[in-house]
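Residue numbers start at 1 and run along the sequence shown.
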Amino acid sequence: SGERLGMEDICGLIGLVADDKYKRSYEQVAKAIEVYSEAPNRDLEILFRSLCVSVLVGNGDAHLKNFAMLYRDASSGKAWMSPAYDIVNTTVYLEADTLALKLGGTKDFPNRATMIRFGREHCNLTEKMAEAVIDECISAVEWGMREFADYAESVELEGRSMLGELGKGVGRLMKPERKQKVWKGE
């Protein structure tokens with residue numbers, strides 16, 4: 001529509017300087033969204049979905065400046081989560097890369113149970129809702145892996161391929177019973 005919007009990344013929103021963009025947690029990102037959002041439940045689901053995609057694609061750079069709120073009038077106090085941006089795979093280039101911020105007290109890439117717990121405890125999602133979002137994100141990444149396999153396989157560094165790294169990400173969040181079927185070749 002051509003309308004100008006204001007944008008404040010979470011780093012600035014919580015009063016930190018850019019150099020501190022790796023010094024908090026995803027739980028604190030969720031808290032900031034809860035405080036500043038005009039529709040916290042919607043925006044917390046957007047955060048959860050964005051974090052799921054980052055985990056799936058091996059994005060170790062989802063820091064405080066890569067989440068933002070948009071607004072029309074700063075004085076109104078009405079803001080909403082921006083669309084996701086700057087989601088990249090970092091693990092193909094940095095084998096031992098981790099999350100940019102802590103999640104559940106660690107920067108290790110989380111498994112499905114940890115993501116579901118984060119969704120329930122910090123994003124106001126039920127377990128069923130968190131499971132559904134994770135499964136939707138897995139389906140989307142798997143579609144991309146099939147659709148762009150030739151391109152993803154050509155991105156390789158020191159024996160790691162983009163396709164292989166995406167497969168690891170899917171494995172992190174896949175349902176345990178589905179993992180067994182994949183390992184058995186079913």
Could you list the residues that satisfy side-chain hydrogen bond (donor to acceptor under 3.5 Å, both in side chains) with [X], not counting sequence neighbours?
{"X": "S37", "value": "D43"}
{"X": "Q28", "value": "S25"}
{"X": "K78", "value": "none"}

[X] to [Y] - nearest heavy-atom pair and separation:
{"X": "V57", "Y": "L166", "value": "CA-CD2, 3.6 Å"}
{"X": "A84", "Y": "I87", "value": "CB-CD1, 3.8 Å"}
{"X": "S82", "Y": "Y85", "value": "OG-CE2, 3.5 Å"}
{"X": "L5", "Y": "R72", "value": "CD2-CG, 3.6 Å"}
{"X": "V55", "Y": "R172", "value": "O-NH1, 2.8 Å"}

### Task
Report, as yes or no, whether the 6.0 Å neighbourhood of atom NZ on K31 holds more than 12 heavy atoms from other residues, nucleotides or ligands.
no

### Query
Can you list the residues that meet the ring-ring contact (aromatic ring centres under 6.0 Å, His included) rule with Y93, with sequence neighbours excluded?
none

### Query
Parallel, tilted or perpendicular: which fits the ring planes of W143 and F148, with parallel below 30° and perpendicular above 60°?
perpendicular

Please answer whether the main-chain N or O of [Y] pairs with a side-chain N or O of [X] as donor and acceptor at a distance below 3.5 Å.
{"X": "K102", "Y": "Y26", "value": "no"}
{"X": "E45", "Y": "C123", "value": "no"}
{"X": "S139", "Y": "D135", "value": "yes"}

### Task
Check the pair T91, N89 against side-chain contact (heavy atoms from CB on, under 4.5 Å), reporting the backbone distance first and the verdict last.
CA-CA 6 Å; T91 59; N89 171 279; 3.2 Å; yes

### Query
Considering residues at least two apart in sequence or located in another chain, which fulfil the salt bridge (Lys or Arg N to Asp or Glu O under 4.0 Å) criterion with E38?
none

### Query
Between L103 and L51, does a side-chain contact (heavy atoms from CB on, under 4.5 Å) hold up when you go through it step by step?
CA-CA 10 Å; L103 178 68; L51 187 54; 4.3 Å; yes

### Task
Give the C-alpha distance, both sets of side-chain angles, the deciding distance and a yes or no for side-chain contact (heavy atoms from CB on, under 4.5 Å) between I116 and F48.
CA-CA 9 Å; I116 291 168; F48 184 76; 5.6 Å; no

[X] with [Y], same ILVMFWY side-chain cluster at under 4.5 Å:
{"X": "L16", "Y": "V35", "result": "yes"}
{"X": "Y71", "Y": "I46", "result": "no"}
{"X": "M129", "Y": "L44", "result": "yes"}
{"X": "L125", "Y": "W80", "result": "no"}

Evaluate the side-chain proximity of [Y] to [X]: yes if any heavy-atom separation is below 4.5 Å, no if none is.
{"X": "M145", "Y": "V170", "result": "yes"}
{"X": "F67", "Y": "S50", "result": "yes"}
{"X": "M69", "Y": "I33", "result": "yes"}
{"X": "C137", "Y": "L173", "result": "no"}

Sequence neighbours excluded and cut-off under 3.5 Å, please list the side-chain donor-acceptor pairs for residues 58-66, or say none.
unit_1: N59; atom_1: OD1; unit_2: D61; atom_2: N; d: 2.9
unit_1: N59; atom_1: ND2; unit_2: S54; atom_2: OG; d: 3.0
unit_1: D61; atom_1: OD1; unit_2: Y22; atom_2: OH; d: 2.6
unit_1: H63; atom_1: ND1; unit_2: K65; atom_2: N; d: 3.1
unit_1: H63; atom_1: NE2; unit_2: N66; atom_2: ND2; d: 3.2
unit_1: K65; atom_1: NZ; unit_2: D9; atom_2: OD2; d: 2.5
unit_1: N66; atom_1: ND2; unit_2: D61; atom_2: O; d: 2.7
unit_1: N66; atom_1: ND2; unit_2: D86; atom_2: OD2; d: 3.3

### Query
How long is the gap from NZ on K175 to CD1 on I134, to the nearest 0.5 Å?
9.5 Å

### Task
Can you measure from CD (E34) to CG (L47) and round to the nearest 0.5 angstrom?
11.0 Å

### Message
If you apply the rule side-chain contact (heavy atoms from CB on, under 4.5 Å), what do you find for L101 with K107, and how did you get there?
### Response
CA-CA 6 Å; L101 305 172; K107 287 190 171 188; 5.5 Å; no

#### Entry: Salt-bridge present (R112, E131; N to O < 4.0 Å)
yes

### Message
Can a side-chain donor-acceptor contact be found between D97 and T90 if the only test is distance below 3.5 angstrom?
### Response
yes

